[in-house]
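Naming: A, B, ... by sequence-line order, numbering from 1 per chain. Note that this is a predicted model, so its numbers are computed, not measured.
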2 protein chains.
Amino acid sequence: MTFMDAMITPPVRRRGRPPKNPEGRLETRELLLRAGVAALTEKGFAATGLDDILGRVGVPKGSFYHYFDSKETFGAALIERYGAYFAGKLARHFDNTALPPLARLHAFIDDAKAGMARYAYQRGCLIGNLGQEMGALPESYRAQLGEVFADWQGRVAQCLEAARAAGEIAADADCRRLAAFFWIGWEGAVLRAKLEHSPLALDIFTEVFFAGLPRR
Amino acid sequence: MTFMDAMITPPVRRRGRPPKNPEGRLETRELLLRAGVAALTEKGFAATGLDDILGRVGVPKGSFYHYFDSKETFGAALIERYGAYFAGKLARHFDNTALPPLARLHAFIDDAKAGMARYAYQRGCLIGNLGQEMGALPESYRAQLGEVFADWQGRVAQCLEAARAAGEIAADADCRRLAAFFWIGWEGAVLRAKLEHSPLALDIFTEVFFAGLPRR
DNA sequence: ATTTATTTAGACGATCGGTCTAATATGACC
DNA sequence: GGTCATATTAGACCGATCGTCTAAATAAAT
């Protein structure tokens, strides 16, 4: 169960200051964030009402505004969390020196692909979704989304540099550019996969991307 | 001036059946479609209110529902029109036998890029935008969007086949797959270009795409 | 002159995001 | 163990905006 999964069992929700024991009990704030990621990756920011999110986890509106100042603040928290989640995923795969560099990238891709399959290709990438919606979003999101892409891209670039050092790709390969290309295309592939409820676009992108890497 | 440009001069708009002379006068329905494309490529479907569109061209709400049954019908008309517009653009470039096949594709890309530049990279692709939003859109759009992609992809595949026949790409290149890859990546690039208000993503995608094509 | 076709004006109910106050529960302190 | 402070939920409420619909107005057709 990843952080994106909304809890099924509704925790006993009582008025008043909660008991000290945080045993097992998922906090309300955490539930809201999970439900938010689920809703926004499916339907986007504008199409998702607060009541949507609240309804998924049985949290009343009053609680929402206790934990977040506004929908805008909430969205910013979601971007932050989603960015960090995938940064961790990237780091985990890229640090796996048991695999050669390109295989590490492939492993990340398989992981991400499995993530989409888990939700029957009905959820896309939060960052890509919000990017597409920027025209109607708080302007502050633009920089935040850019930073997430820069971070993800930097990690892929490092992995590609390792591949270059290992002789898996050409010695004169522009790894930063290739990493940018990867994320540009990957987001496009996620978009299509979600549209078609199918992994086909992910597979095509992956195969052609690797085939097109400069080998020497 | 392309069909996406909304008319500035507000035509005299009076109640009642209009005079017969259709001289020069852009029809209300046409104005609505243009404004719709502009609004939806900027902000998406969910975030665009009817009042947004109506306000851009000074058409009252009552007129909208005279020409279209609903926002859903309107959206379908926009997809149809946008799909056909780019199909025409593709056909025009790909039929230009004065250029070798790959140069024709490049010419289309330059054309599309110029289209984004014209609006300061604030408008994306209607088809990509709606694809991303599908989770909250009328289900009927899914097939319609898929058909548009299939059409565009088929045209690019034909162009690539011409390139293969001309020896510009490898004889065993899978043109249909490459065409799918192109559109997957191009939509991703448009998304990023819009997010960053910059042509950088378009340029990176274009360059790496051509560099990665199988040459022999 | 009357009817019919076409278009606009604006009222309408539902819902939205966001705010607010009251109610309720525990923790901390004496 | 009584009191106050802190934390959380309940849900009414507001102005704005959503998409829809009906009635009014005007020209064409007869």
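Residues that satisfy the side chain to side chain donor-acceptor pair (under 3.5 Å) test with A/Glu161, not counting sequence neighbours, are absent from this structure. For B/Asp174, there are no salt bridge (charged side-chain N to carboxylate O under 4.0 Å, His left out) partners, not counting sequence neighbours. Among residues two or more places apart in sequence or in another chain, the salt bridge (charged side-chain N to carboxylate O under 4.0 Å, His left out) test is passed with A/Lys113 by A/Asp203. A/Phe94 pairs by the ring-ring contact (aromatic ring centres under 6.0 Å, His included) definition with nothing, not counting sequence neighbours.
Between the CZ atom of A/Phe64 and the P atom of C/dC20 there is a distance of 15 Å, rounded to whole Å. Counting to the nearest Å, the P atom of D/dT8 and the CZ atom of A/Arg29 are 11 Å from each other. Protein atom CG of A/Leu54 is 11 Å distant from nucleotide atom C1' of D/dT9, rounded to whole Å. A/Phe68 has its CZ atom 12 Å from the P atom of D/dT8, to the nearest Å.
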Could you run down the sub-3.5 Å N/O contacts of the protein with nucleotides 14-18 of chain D?
from, atom 1, to, atom 2, distance (Å)
D/dC18, OP2, B/Asp51, OD2, 3.2

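Note: B/Phe181 and A/Phe209 fail the aromatic proximity criterion, with ring centroids not under 6.0 Å apart.
B/His66 has no side-chain polar atom (N or O) that falls below the 4.0 Å cut-off from OP1 or OP2 of C/dT6. Look at B/Tyr65 and you won't find any side-chain N or O under 4.0 angstrom from OP1 or OP2 of D/dC21. Phosphate proximity of D/dT9 to A/Ser63: present, with a side-chain N or O under 4.0 Å from OP1 or OP2.
Listed by first and then second residue, the side chain to side chain donor-acceptor pair (under 3.5 Å) pairs involving residues 175-188 of chain A are A/Arg177-B/Glu207 (not counting sequence neighbours).
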